[in-house]
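Remarks on the structure that follows.
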Amino acid sequence: MDPGIWSKLPPELLDHILSFLPLKTLLNLRSTCKHFKSLVFSPSFISKYSSASLFSSFFLLSHPQCYSNFPLYDTIRGAWRKLALPLSFLPPSAAQFNLLSSCNGLFCFSLPNSSSFLVCNLLAKSSRPIQFPFFPFAFEMLTLVSTPLGYKIFLLCSKFSSNYAFVYDSEVHSWRQFDGFQPLLADNFHQEGASFNGSLYFATPEPFSVVCFDLENGKWENLDTEMPRELTFVRLVSNTDEGKLYMVGGIGRNGISRSMKLWEMGDGGNWVEVERLPELMCRKFMSVCYHNYEHVYCFWHQDMICVCCHTWPEILYCKVSRRTWHWIPKCPSIPDKWSCGFRWFSFVPDLYTLA
C-alpha cells in the first residue's frame, strides 16, 4: 500500500482495481473524494463493476402482513435475506403503499393516500412520485417497462363503462390515454404484460389468444398465431435482453390441468414447445393452486421463468438454458398462518438506473 506506487497508477487501472471491492466498501468510498463519488454513477464503471463483483440478484417477496419489510432470496448465494425498506428517502405521503411492479432495478408502488405512484431505486435511494391521471382512479394490470432512456408505466382503467389504456413516459413526465381492449384481457390481474419488441403482450380468456399493445402509438393488435390445443390457462413472459417471448400453459380438459408446458415464440410467429414440467412437480403445483388458475402468474428473472401462485409462499422456476425445473423453498421467517397475498418480484440491483 505504498502511496508512491498508488499515486502513479493509471486512472483506468485504479478503476479496475476498485471494481473488485464489495458494494458496501465502494459506497463508503464516495465521501473520500470527488472521483470516487463520480465512479458510482459512471455507466462504464457500473458495467465493469457488475461483471467483476457479480452483483447479487434476488427474488423479493411482498405480502400484506410483512409491510415495509421484504424477504429476499439471493439467487446467486442460494440464501434468504431480509431487506428493510429505507423509508427515509420516501415522501411523507408514503405512509401506506402497495408494491405493484419491478423492472431493471426499479420498483413501482401505489400511494393511496396521495393518489399517486412512486417509482424508486432502493439501492440508489432515489424516487419520483407520479400523480394519477385523475381521481378517483381504479386501475389494473400495471406494468413497469424499462426503455433506453428511462421507463414507462402501462395500466388499464375502467371509466364510464369503457376500458382505457394509460401510458406514463418518464422522458416527458406525462400520461397518454388510449383506447382499451374489449373484452377484458385476462382473468388474472396478478399477471403483468410481457414486454417484447416495443409492445406489451397479453393473453385473453378462453378462447385463448394473444394480443399486443404498441407502447409508442397505443394501437392494439391480435396476434395471428395458432395456440396449442387443450389449454386450461395461459401466461406470457419475456426475456427482454435476448428479445424472446415465452408462454406457460396448463394442458388438460374441462378446466383441469394434467400437465404444464413451456413454449417459445418462433421466427414464424408459431409456438415451439421447449419443456414440460415433470409429473411429480406438476402434481404439487396443481394441488397448490387447487386448479384455481387466476392466482397463477409468471415473471422472468435472469435465465429463469418463475411460476408463482398468489396463495403459496414458494416459487417454481425453469432454468431455461438447462431446461430444468426447481423449487425455491418457503422463507423461514414467514409464519404458517399466512395463506394468501404472496407476490414475488425480480430484483436486480442497479445503481445507475434512475427513477
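With hydrogens and angles ignored, the 3.5 Å screen pairs no side-chain donor or acceptor of T204 with any backbone N or O of V210. The main-chain N or O of I76 is found under 3.5 Å from a side-chain atom of D74 such that the two form a donor-acceptor pair. A donor-acceptor contact shorter than 3.5 Å links the side chain of W220 to the backbone of D179. Listed for the D350 side chain is no donor-acceptor partner under 3.5 Å among the backbone atoms of G105. A donor-acceptor pair is defined here as one N or O able to donate and one able to accept, closer than 3.5 Å; such a pair exists between the side chain of T225 and the backbone of G269. The main-chain N or O of I334 is never found under 3.5 Å from a side-chain atom of H63 such that the two would form a donor-acceptor pair. Using modelled atom types, no side-chain atom of W263 and backbone atom of G249 make a donor-acceptor pair closer than 3.5 Å. Panel note: side chain H295, backbone N292; no donor-acceptor pair is recorded below 3.5 Å. A donor-acceptor distance shorter than 3.5 angstrom exists from the side chain of T143 to the backbone of G193, with no hydrogens or angles considered. Of the possible donor and acceptor atoms, one in the side chain of R235 sits under 3.5 Å from a partner among the backbone N and O of V296.
Side-chain rings of F347 and F107 approach one another, their centers coming within less than 6.0 Å. You'll find the ring centres of F342 and H310 outside the 6.0 Å limit. A distance of 6.0 Å or more separates the ring centres of F166 and F178. Aromatic rings of F213 and F154 (six-membered ring for Trp) have centroids within the 6.0 Å cut-off, being under it.
Clustering ILVMFWY residues whenever any of their side-chain heavy atoms sit less than 4.5 angstrom apart, transitively, puts I251 in the very cluster that holds M247. Note on Y317 and L61: same hydrophobic cluster, where clusters join Ile, Leu, Val, Met, Phe, Trp and Tyr whose side-chain heavy atoms are under 4.5 Å apart, directly or indirectly. In terms of hydrophobic clustering, with Ile, Leu, Val, Met, Phe, Trp and Tyr side chains grouped at heavy-atom distances under 4.5 Å, F299 and V234 are assigned to different clusters. Both Y201 and L231 are members of a single hydrophobic cluster when ILVMFWY side chains are connected at heavy-atom separations under 4.5 Å. Linking Ile, Leu, Val, Met, Phe, Trp and Tyr whenever their side-chain heavy atoms come within less than 4.5 Å leaves F233 and L245 in two separate clusters.
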W175 and L155: CA distance, side-chain angles, deciding distance, side-chain contact (heavy atoms from CB on, under 4.5 Å) verdict: CA-CA 11 Å; W175 292 94; L155 49 81; 3.9 Å; yes

Chi angles and distances behind the side-chain contact (heavy atoms from CB on, under 4.5 Å) call for F202, L156: CA-CA 12 Å; F202 302 88; L156 290 178; 5.8 Å; no

Working for side-chain contact (heavy atoms from CB on, under 4.5 Å), residues Y151 and L106: CA-CA 9 Å; Y151 57 87; L106 297 178; 3.7 Å; yes

Check against side-chain contact (heavy atoms from CB on, under 4.5 Å), N239 and D241: CA-CA 6 Å; N239 176 359; D241 292 334; 3.6 Å; yes

Chi angles and distances behind the side chain to side chain donor-acceptor pair (under 3.5 Å) call for S126, N121: CA-CA 5 Å; S126 63; N121 185 326; 4.9 Å; no

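Comment: K152 engages E216 in a salt bridge, judged by a side-chain N to carboxylate O separation of less than 4.0 angstrom. One finds a salt bridge joining R253 and E230 here, because a Lys/Arg side-chain nitrogen approaches an Asp/Glu carboxylate oxygen to under 4.0 Å. Ion pairing of K219 with D214 is absent here, as no side-chain N (NZ or NE/NH1/NH2) approaches a carboxylate O to less than 4.0 Å.
With contacts defined as side-chain heavy-atom distances shorter than 4.5 Å, the pair E221/V211 does not qualify. Here the side chains of L142 and C108 are in contact, with some heavy-atom distance below 4.5 Å. When side chains are defined from C-beta on, H326 does not count as touching M304, because their heavy atoms never get closer than 4.5 Å. The closest side-chain heavy-atom distance from M260 to V248 is below 4.5 Å. Taking 4.5 Å as the limit, some side-chain heavy atom of C340 sits within range of a side-chain heavy atom of T311. Proximity of F137 to S115: side-chain heavy atoms (C-beta onward) are nowhere separated by under 4.5 Å. Contact of the C298 side chain with the Q191 side chain is registered, since non-hydrogen atoms from C-beta on lie closer than 4.5 Å. Annotation: side chain of V167 is not in contact with side chain of Q177 (no heavy-atom distance under 4.5 Å).
Among all heavy-atom pairs drawn from S116 and Q131, the shortest one is CB-NE2, 3.7 Å. Closest heavy-atom contact between Y297 and C309: CE2-C, 4.0 Å. Here the shortest heavy-atom pairing between W271 and L236 reads CH2-CD2, 4.0 Å. Nearest heavy atoms, C306 versus H301: SG-CB, 4.2 Å. Across all non-hydrogen atoms, the minimal contact from R343 to L100 is NH2-O, 3.9 Å. P349 approaches S57 most closely through the heavy-atom pair CD-CA, 4.3 Å.
Put simply, CD on E314 and OH on Y73 are 11.5 Å apart, with the number rounded to the nearest 0.5 Å. In this structure, N254 CG and T232 OG1 are separated by 11.0 Å, a value rounded to the nearest 0.5 Å. Rounding to the nearest 0.5 angstrom, the gap separating the OG atom in S195 from the CG atom in L215 is 6.5 Å. Atom CG of L262 and atom SG of C318 lie 5.5 Å apart (nearest 0.5 Å). Between the CG atom in L149 and the CG atom in L354 there is a gap of 11.5 Å [rounded to 0.5 Å]. Rounded to the nearest 0.5 Å, atoms CD1 (I328) and OG1 (T75) are 8.0 Å apart.
Within 6.0 Å of CG on D224 lie no more than 12 heavy atoms contributed by other residues, nucleotides or ligands.
Among Y168, F97, F139, the single residue meeting the side chain to side chain contact (heavy atoms under 4.5 Å, CB included) criterion with F117 is F139.
Checked by atom type, the side-chain pair T240/S238 shows no donor-acceptor distance below 3.5 Å. Judged purely by distance below 3.5 Å, without hydrogens or angles, the side chains of S346 and S102 never pair a donor atom with an acceptor atom. A donor atom on one side chain and an acceptor atom on the other are found under 3.5 Å apart for S257 and Y293.
Annotation: cation-pi geometry satisfied between K284 and W327 (NZ/CZ under 6.0 angstrom from ring centroid, within 45° of ring axis).
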